[in-house]
Novice: 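Pasting in a structure now, in structure tokens, and then I'll have a few things to ask.
From a predicted model like this one, the values you see are computed outputs, not experimental measurements. Remember, it's 1-based here, ligands and their atoms both numbered in the order they're listed. Note that these values count all heavy atoms, side chains included, but never hydrogens, waters or copies made by symmetry.
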Amino acid sequence: MKISVKVPATAANLGPGFDCLGVALPIFNTITIEETVLPGTGIEINAIKDETNIEDVILDHTPMDENSLIYKAVELLYNSIGQSPSELKITVQTQIPITRGLGSSASVIVGGLLAANELLGHPADEQALLSLAAELEGHPDNTTPAITGGMVISSQEDDGSVVYSKLDWPSEWNITVCVPDFELSTDISRSVLPKDVPLEDAVFNLKRFGMFVQAVNTRDINLMKRALQDKLHQPYRMKLVPGLERIIDNLKHEEDVFGCVLSGSGPTIIVISLKSAVEKIKSTVKETWKDMNVKVNIMTLPVEQDGAQVLSND
Ligand code: HSE
């Protein structure tokens, strides 16, 4: 039996929603799991670049054995029903750039879980998949939208369950995704965060998060301009993302730009705006990073409403 699943990229945090807000985007990894007889350990994992890959994804440092994240996801699903995987060929066709803050790890976790679930005859329901994925990733803000699609607020509760709610993002609010040519791993980017934050910074984010949700629900641009700020992670990560501060500064007086935020743990930057500002955003981001010898790939993308999907099953 051979199963292929397609999983979208995701951008998390989006300003004030550290570890709880994320959105699915139409860039995809395709994960194929095939039951087959193989020599050695019985497990073979390959990663290949999709021809529509948006850049030269570096695959060298992706573990291709039982240490890989995708294998861990497959194993977790098997273990959840008291089994162990064997004789599997796993192929990851990648469009989502690695270590750029676009949810590539969440995509392989979700893809591995979903494909294994299909192979095993659906022992896990959506809730179980959400919990297992968040458990493996450590936070639910990428894994939840990768499963559900859309823009989603999510929380993994003390009992492991994941509670989520979708926001109805206005289609005329453009999401411009600026992917620089340097990498930043989530582990490094989380290592600079403090264990405790000042109370006033926590309150600052509480207010902004409330504003974000209300701005989306009422289509209030002025409120969204205030909402797209953060004091819980971005200030600490500025030094790891050269150019972020300058890009925020260079765009802050543009009338139709709502704000610039880090995508997940970076280094990708997301700019939210009206369509009228998109060309200006592209030229400003390109110029600012060019001055620092950074090349950038820029895409304006809609919210991907569909989550991970099984493509074929034979
Ligand atoms: N919320 C996570 C972080 C996303 O900011 O570290 C990482 O993918």
Novice: In terms of atom number and element, which parts of ligand 1 are under 4.0 angstrom from non-hydrogen atoms of Asn13?
Specialist: 1 (N), 3 (C), 5 (O)

Novice: Charged N to carboxylate O below 4.0 Å: is that the case for Lys225 and Asp256?
Specialist: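 Asp256 and Lys225: not salt-bridged.
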
Novice: Can you find an N/O atom of Asp141 closer than 3.5 Å to an N/O atom of ligand 1?
Specialist: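 Checking ligand 1 against Asp141, an N or O pair does fall under 3.5 Å apart.
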
Novice: Tell me the protein heavy atom at minimum distance from atom 7 (C) of ligand 1, and give that distance in Å.
Specialist: His139 CE1, 3.6 Å

Novice: Closest non-hydrogen protein atom to atom 8 (O) of ligand 1, residue and atom name please, with distance?
Specialist: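 Nearest protein contact, heavy atoms only, for atom 8 (O) of ligand 1 is Asn142 OD1, 3.0 Å.
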
Novice: Show me which atoms of ligand 1 lie under 4.0 Å from any heavy atom of Asp19.
Specialist: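 It comes down to these atoms of ligand 1: 1 (N), 2 (C), 3 (C).
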
Novice: Is it true that atom NZ of Lys280 has more than 12 heavy atoms of other residues, nucleotides or ligands lying nearer than 6.0 Å?
Specialist: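 At most 12 heavy atoms, drawn from other residues, nucleotides or ligands, come within 6.0 Å of this atom.
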
Novice: Which atoms of ligand 1 are found less than 4.0 Å from any heavy atom of Arg237?
Specialist: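 Near Arg237, meaning under 4.0 Å from one of its heavy atoms, ligand 1 has 3 (C), 5 (O), 6 (O).
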
Novice: Do NZ/NE/NH1/NH2 and the carboxylate oxygens of Asp291 and Arg246 come within less than 4.0 Å?
Specialist: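 Yes, this pair counts.
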
Novice: Among all protein non-hydrogen atoms, which one is nearest to atom 3 (C) of ligand 1, and what is the separation to 0.1 Å?
Specialist: Arg190 NH1, 3.1 Å

Novice: Count the heavy atoms of every other residue, nucleotide or ligand shown that sit under 6.0 Å from CZ of Arg190, and state whether that count exceeds 12.
Specialist: yes

Novice: Please state whether the rings of Trp173 and Trp169 are parallel, tilted or perpendicular, taking 30° and 60° as the class boundaries.
Specialist: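 It falls in the perpendicular class, over 60°.
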
Novice: Which atoms of ligand 1 sit under 4.0 Å from any heavy atom of Phe18?
Specialist: 3 (C), 5 (O)

Novice: Give a yes or no on whether Glu254 atom CD has more than 12 heavy-atom contacts from other residues, nucleotides or ligands under 6.0 Å away.
Specialist: yes

